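Structure, as C-alpha cells:
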Amino acid sequence: FGNEVIQTQDSIDNFKAKIMAGKRAQLSDDFMIIARIESLILEQGMEDAITRAFAYIDAGADGIMIHSRKKDPKEIIEFCDKFRDKDQKTPLVVVPTSFHSVTEKTLIQHGVNIVIYANQLMRAAVPAMRATAETILRYHRAQEAETLLMPFKEIITMIDEL
C-alpha cells in the first residue's frame, strides 16, 4: 500500500524526458500521454503541482492528471482553478477515490474534462463475489446463491448486438 512505504516522485527533468521520449515514439494522434502528478499525494504543495503541470505540458504531455488523498475536494478544486487560470484547453483528469463527495458537475465547473472512477466497480464486485462464494461453500451447491445472481440471459442482453 502506498502509505506503508516511502513514496517518491521523479524529478521534473527526468519526467519531462520520459514524456518527450513517449511523444517521439507516438505513431498516432489517437494516442495521448496524460502526465500524472503526485505532488498533492506526497504533500509537496500546490506550487510543486502547478510547476510540474506546466513543465509536463511544455514537454509535450497531452493532458494532466492530478490526484489527492484528502477526503475534502478543496485541494483538487484549488489546483484545477489555478491550472485553468493559465491553461483553458489542456485536458484535466481527476480520480475521485478519496474525495468522493464531489460531483461531476462541480468538477466540470472547475475545468475538469475527464473523471475516472478507478476502483469503485471492483470494490462493489468483491463483496458480491465473496457472499456468493460463502453461500456455495456453506451449502455445497449453487442453488442458494441464485438469489444473489443476475440471470445469465440478462447479462447477455447487455452486450450490444453487432
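Since the structure is predicted, the reported quantities are computational estimates derived from the model, not experimental observations.
Between the CD atom in Gln9 and the OG atom in Ser39 there is a gap of 4.0 Å [rounded to 0.5 Å]. To the nearest 0.5 Å, the span separating CD1 on Ile66 from CE on Met46 amounts to 7.5 Å. One distance of note links CD of Gln44 with CG of Leu42; it measures 5.0 Å at 0.5 Å rounding. Separating the CD atom in Glu47 from the NZ atom in Lys82 is a distance of 6.0 Å, to the nearest 0.5 Å. Note that CD1 of Ile64 is 9.5 Å distant from CD1 of Ile50, once rounded to the nearest 0.5 Å. Between the CD1 atom of Ile57 and the NZ atom of Lys89 there is a distance of 9.0 Å, given to the nearest 0.5 Å.
Scanning both residues, Ala59 and Met20, for their nearest heavy atoms gives O-CG, 3.2 Å. Shortest non-hydrogen contact noted between Thr106 and Ile77 is CG2-CD1, 4.0 Å. Smallest separation of non-hydrogen atoms from Ala145 and Leu149: O-CG, 3.3 Å. Residue Gly60 comes nearest to Ile19 through the heavy atom pair C-CG2, 3.9 Å, listed as atom of the first residue, atom of the second, then distance. Closest non-hydrogen pair, Ile41 versus Ser68, comes out as CD1-C, 3.6 Å. The shortest non-hydrogen separation linking Met32 to Pro91 is CE-CG, 4.2 Å.
Looking at heavy atoms from C-beta onward, Cys80 lies out of side-chain contact with Leu107 at the 4.5 angstrom threshold. The shortest side-chain heavy-atom distance between Glu78 and Lys74 does not fall under the 4.5 Å cut-off. Counting heavy atoms from C-beta on, the side chains of His67 and Arg36 come closer than 4.5 Å. At least one side-chain heavy atom of Met65 sits less than 4.5 Å from a side-chain heavy atom of Val95. The closest side-chain heavy-atom distance from Ile136 to Glu144 is not below 4.5 Å.
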Could you give me the CA-CA distance, side-chain angles and deciding distance for Leu40 and Lys70, then say whether side-chain contact (heavy atoms from CB on, under 4.5 Å) is met?
CA-CA 9 Å; Leu40 302 179; Lys70 294 196 173 167; over 6 Å; no
Would Phe54 and Lys86 satisfy side-chain contact (heavy atoms from CB on, under 4.5 Å), going step by step from the backbone distance to the final call?
CA-CA 9 Å; Phe54 290 110; Lys86 296 178 182 174; 3.6 Å; yes
Report the C-alpha separation of Glu104 and Tyr117 in whole Å, then their side-chain angles, then the decisive distance to 0.1 Å, and conclude whether the side-chain contact (heavy atoms from CB on, under 4.5 Å) test is met.
CA-CA 11 Å; Glu104 291 171 8; Tyr117 296 99; 2.8 Å; yes
One pair to check against side-chain contact (heavy atoms from CB on, under 4.5 Å): Thr97 and Arg69. What are the steps and the verdict?
CA-CA 8 Å; Thr97 303; Arg69 72 169 62 132; over 6 Å; no
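Judged by distance alone, with hydrogens and angles left aside, the side-chain atoms of Asp62 form a donor-acceptor pair with the main-chain N or O of Ile33 at under 3.5 Å. One N or O on the side chain of Asn113 and one on the backbone of Leu92 form a donor-acceptor pair closer than 3.5 Å. Counting only distance, with no hydrogens or angles, the side chain of Arg52 and the backbone of Ile37 share no donor-acceptor pair below 3.5 Å. The backbone N or O of Met122 sits nowhere less than 3.5 Å from a side-chain atom of Asn119 that would complete a donor-acceptor pair.
Judged as a side-chain hydrogen bond (donor to acceptor under 3.5 Å, both in side chains), and not counting sequence neighbours, the contacts of Gln26 are Lys23.
Dense packing is recorded around CD1 of Ile156, with more than 12 heavy atoms of other residues, nucleotides or ligands lying under 6.0 Å away. Other residues, nucleotides and ligands place no more than 12 heavy atoms under 6.0 Å from the CE atom of Met158.
The closest side-chain donor-acceptor pair between Thr90 and Asp87 falls under 3.5 angstrom.
Follow the hydrophobic side-chain contacts under 4.5 Å out from Val115 and you never reach Val93; the two are in separate clusters. Residues Ile116 and Ile34 are members of one and the same hydrophobic cluster, defined by side-chain heavy-atom contacts under 4.5 angstrom among Ile, Leu, Val, Met, Phe, Trp and Tyr.
Under the ring pair (Phe, Tyr, Trp, His ring centres under 6.0 Å) criterion, the residue pairs touching residues 15-45 are Phe15-Tyr56, with sequence neighbours excluded.
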